[in-house]
2 protein chains.
Amino acid sequence: MANIYDVAKAAGVSPATVSRVLNGGSVSSERAARVRAACEDLGFRPNRVARGLRRQRSDVLALIISDIENPFFTALARGVEDVARASNLSVVLCNADDNPEKEAEYLDVALAEHMAGVIIFPASLAETDVTALLDRGVPVVAVDRSPESAAIDTVTADDENGAYVATRHLLDEGYRRVACITGPRASSAATERLRGFLRAHRESEAPRRRPRVAYADFRVRGGYQAMGELLDLAEPPDAVLTTNSLMAAGALEALYDRDLRPPEIGVATFGDTFWAHLVQPALTTVHQPAYEIGQAAAELLFKRRHAPDIEPQRLVLPTRLQIRSSSRRSAEAQTTPATSAGRRATTARVVGAERPDGPGRARATGRHDIDQSVPVT
Amino acid sequence: MANIYDVAKAAGVSPATVSRVLNGGSVSSERAARVRAACEDLGFRPNRVARGLRRQRSDVLALIISDIENPFFTALARGVEDVARASNLSVVLCNADDNPEKEAEYLDVALAEHMAGVIIFPASLAETDVTALLDRGVPVVAVDRSPESAAIDTVTADDENGAYVATRHLLDEGYRRVACITGPRASSAATERLRGFLRAHRESEAPRRRPRVAYADFRVRGGYQAMGELLDLAEPPDAVLTTNSLMAAGALEALYDRDLRPPEIGVATFGDTFWAHLVQPALTTVHQPAYEIGQAAAELLFKRRHAPDIEPQRLVLPTRLQIRSSSRRSAEAQTTPATSAGRRATTARVVGAERPDGPGRARATGRHDIDQSVPVT
DNA sequence: CTGTTAGCGCATTCAT
DNA sequence: ATGAATGCGCTAACAG
């Protein structure tokens, strides 16, 4: 494979000149043309590995997430990727599976590869250690939660408030035993959402029981099992908030298994799903700006790359409640057929702004905004 | 950041000895221990970039896919990843967005980074050019379709037959105007599935119209639009086969918009979906072994890595039809309530083998196998 | 088993 | 504006 020496020889110039042509140094246009022709002839591709060694930095950034099968992360990844590409960086997606060891391996790789930066969804507040990266000057941005090991840039959704508004909505609808299926205790998103859930109960004046909480794993099966356990209680809940969409799918399946159908039992969930409309009745969701979080994280990373010493920032993006039939006990009579007409009727009550049909997650959502929509915060 | 010379000095040995300790050369255990201690002390991490330059190969392989939001690819990615990790390779996920230019960039990167190998879902049969990689000895495995530029290892699902069986099923159920919403013409998966669809029509003896075909983009919105167009025809179809699950979601949404509910209009789709059970009525699917395809592709890659000159192989994995209510016109009367009992009743008719609950896609599927299941092929 | 040495391909001084 | 020379950190070849 041709290298710059070959190109230099073919073009009758020095290797340094070739390098300058490639990287935008000052070269006479006549010589530059010769170099470019030679590159073409030889099919020369600059060796990124050598360049990386010499420059002590690469052009790829690592995005470390906990579950590639979670739509939240795929949307987030698109946001990161779109911003990164605009800056000529490649994104390496690393699936840490919520496993601190696997995550540590990827962090090691990021370090050893001298990556341009790392965007991480920390597997654990306590165990995730990014100080090694930071010490070497590799910018790190956390999504969702900031690891305890260091104060770094963080971008999250307004989880606490989103859960608060959703729970409040369920209580307002008249549900009295509202349960929560949340994620692992180590997840601060799960914790924040749980906090919002509990706050709504504290602030509610309606008579109600001590709210039930089940911890699951943010996955379909976990939601299924947790819902099953809640339903087996002596006093099962009459409504449930799940803190991500995969668990919502599992929870719904558990309900169907027992012939329970919303809004008889109220259901609301964090996370957008393209299937929210397809289930009967349509699912009430708390919209998470996953794509925007990814964008913001990438932008923060670039900012820090060029100004390493600014104070760590914490960005909180708003969520938004999309009320659909699954949580509308008050409209129960009309929801069973759930016809198109019934759904359209809600259109008039749209409150939130329509999002533009950008290249990100919006593209895959169809017409999911035509629901009663309550901006959160 | 410490390098091997620092470590060598600290341990009182030569850099070569340090390298040997790191890479499994023969070193006396006493010296090896000293080296390891020194590594620990200095927080030494071997520089992968330098190693890559010296060895002329890296330990990462690229997986180039066309849509990270498509569950098929995320499941596939897990398959690749699990196999790769077992061989101590990292996987870089590249989202080419079905865009040949973007794809070409990633192929360039793979080349310039001297990657260990590339697994690619080609964006285009004609434009995708992997010869540069091949010339440099980088093993390439294609998923789904083999680019025309070279004969390489390929692994696919049995698309033609899967579509054939599904279409046949729809015809057997008595649907007479069965349409197909398939993917881009450039996609051989789409083409193969369409072929199976057409073959089923040719072989059927039932009276029927010339089958309608709509081309879409394998995404939710595309399915929605295509279904809308089909329904606007003078003679709209009475059943539809979609060739992936995202388009199925879109198509269902279009049906709901018009108050059409399966199995009044029959619906079947390629691709597994964790929400197949959540929609009413439950969705008939052609199971694609996405995780297994990923595994097989990675294994093929490793085989070729160690034996570059064996003949290119072509692996075809079986699909399987999972019949649920959305395509059972014959059982229409009982499907409207679609209770748990109704679903359970089908359990007795399970034909296919249960899959073990492995680490791959199976984990997220809950109990999706309890349906009437017809092995394909 | 161990140390010395050279060079992977490039970007970057420092001269000119 | 250009070229010669150097070294990024590591591993492989060779010598001992």
Side-chain angles (χ1 to χ4, degrees), chain A residues 1-36 38-39 42-60 88 108-116 136-138, chain B residues 1-36 38-39 42-60 88 108-116 136-138:
Chain A
M1 185 149 169
N3 59 28
I4 49 170
Y5 290 91
D6 301 325
V7 174
K9 197 178 296 175
V13 300
S14 77
T17 301
V18 177
S19 174
R20 290 186 185 105
V21 173
L22 263 42
N23 298 292
S26 31
V27 178
S28 77
S29 60
E30 187 265 339
R31 295 169 90 88
R34 283 214 317 265
V35 168
R36 265 185 268 274
C39 286
L42 299 171
F44 168 73
R45 337 269 352 156
N47 182 326
R48 287 200 183 208
V49 182
R51 167 185 295 181
L53 179 58
R54 177 62 229 237
R55 291 219 282 216
Q56 301 283 54
R57 69 195 297 207
S58 83
D59 292 337
V60 324
N88 270 308
D108 248 29
V109 171
L111 186 59
E113 300 265 17
H114 285 274
M115 293 211 179
R136 267 71 170 195
V138 178
Chain B
M1 184 148 169
N3 61 29
I4 49 170
Y5 289 92
D6 301 325
V7 174
K9 197 177 298 174
V13 301
S14 77
T17 299
V18 177
S19 174
R20 289 187 187 105
V21 174
L22 265 42
N23 299 291
S26 26
V27 179
S28 78
S29 59
E30 188 264 340
R31 294 169 94 86
R34 281 208 325 260
V35 168
R36 265 185 269 273
C39 287
L42 299 171
F44 168 73
R45 337 268 352 156
N47 182 326
R48 288 201 183 208
V49 181
R51 169 186 292 179
L53 179 58
R54 177 63 232 233
R55 291 218 284 217
Q56 302 282 52
R57 68 195 295 210
S58 81
D59 291 338
V60 324
N88 271 306
D108 249 29
V109 171
L111 186 58
E113 301 265 17
H114 280 110
M115 293 213 179
R136 267 69 168 197
V138 178

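Chain identifiers are assigned alphabetically (A, B, ...) following the order of the sequence lines, protein sequences preceding nucleic acid strands; residue numbering begins at 1 within each chain.
If you find the closest nucleotide of DNA chain C to B/Pro15 and to B/His114, the one lying nearer the 5' end belongs to B/Pro15.
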Problem set entry | Derivation and outcome, side chain to side chain contact (heavy atoms under 4.5 Å, CB included), residues B/Glu113 and B/Val60 | CA-CA 9 Å; B/Glu113 301 265 17; B/Val60 324; over 6 Å; no
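Counting only residues at least two apart or on different chains, the salt bridge (Lys or Arg N to Asp or Glu O under 4.0 Å) pairs with a member in residues 11-32 of chain B are B/Glu30-B/Arg34.
Within a 6.0 Å sphere centred on CZ of B/Arg55, heavy atoms belonging to other residues, nucleotides or ligands number more than 12.
Here CZ of B/Arg36 is found 9.0 Å from CG of B/Leu22. Values are rounded to the nearest 0.5 Å. Note: B/Arg51 CZ to B/Ser58 OG = 11.0 Å, rounded to the nearest 0.5 Å. Note that the CG atom of B/Asn47 and the CG atom of B/Asn3 stand 9.0 Å from one another [nearest 0.5 Å]. Atom-to-atom distance recorded for B/Lys9:NZ and B/Leu42:CG is 10.5 Å, nearest 0.5 angstrom. The structure places CZ of A/Arg48 at 10.5 Å from CG of B/Leu111, a figure rounded to the nearest 0.5 Å.
Among the candidates A/Val35, A/Val7, A/Asp6, the single residue satisfying the side-chain contact (heavy atoms from CB on, under 4.5 Å) test with A/Phe44 is A/Val7.
Within residues 17-29 of chain B, the residues approaching DNA chain D are B/Ser19, B/Arg20, B/Asn23, by heavy-atom distance under 4.0 Å. Of the residues in residues 44-57 of chain A, those placing a heavy atom less than 4.0 Å from an atom of DNA chain D are A/Leu53, A/Arg54, A/Gln56, in numerical order.
The span of DNA chain C lying next to chain B, judged by atoms under 4.0 Å from heavy atoms, is bounded 5' to 3' by C/dC1 to C/dG9. Nucleotides of DNA chain D lying under 4.0 Å from heavy atoms of chain B occupy a range whose first and last members, 5' to 3', are D/dG9 to D/dA13.
The shortest heavy-atom contact between B/Ala8 and B/Ser14 is CB-C, 3.6 Å. Contact record, B/Leu53 with A/Ala50: CD1-CB, 3.7 Å, taken as the closest heavy-atom pair. Of all non-hydrogen atoms in A/Pro15 and A/Ile4, the two that sit nearest each other are CB-CD1, 4.1 Å.
The end-to-end axis angle of the helix from C/dC1-D/dG16 to C/dT16-D/dA1, rounded to 10 degrees and based on five pairs per end, is 30°.
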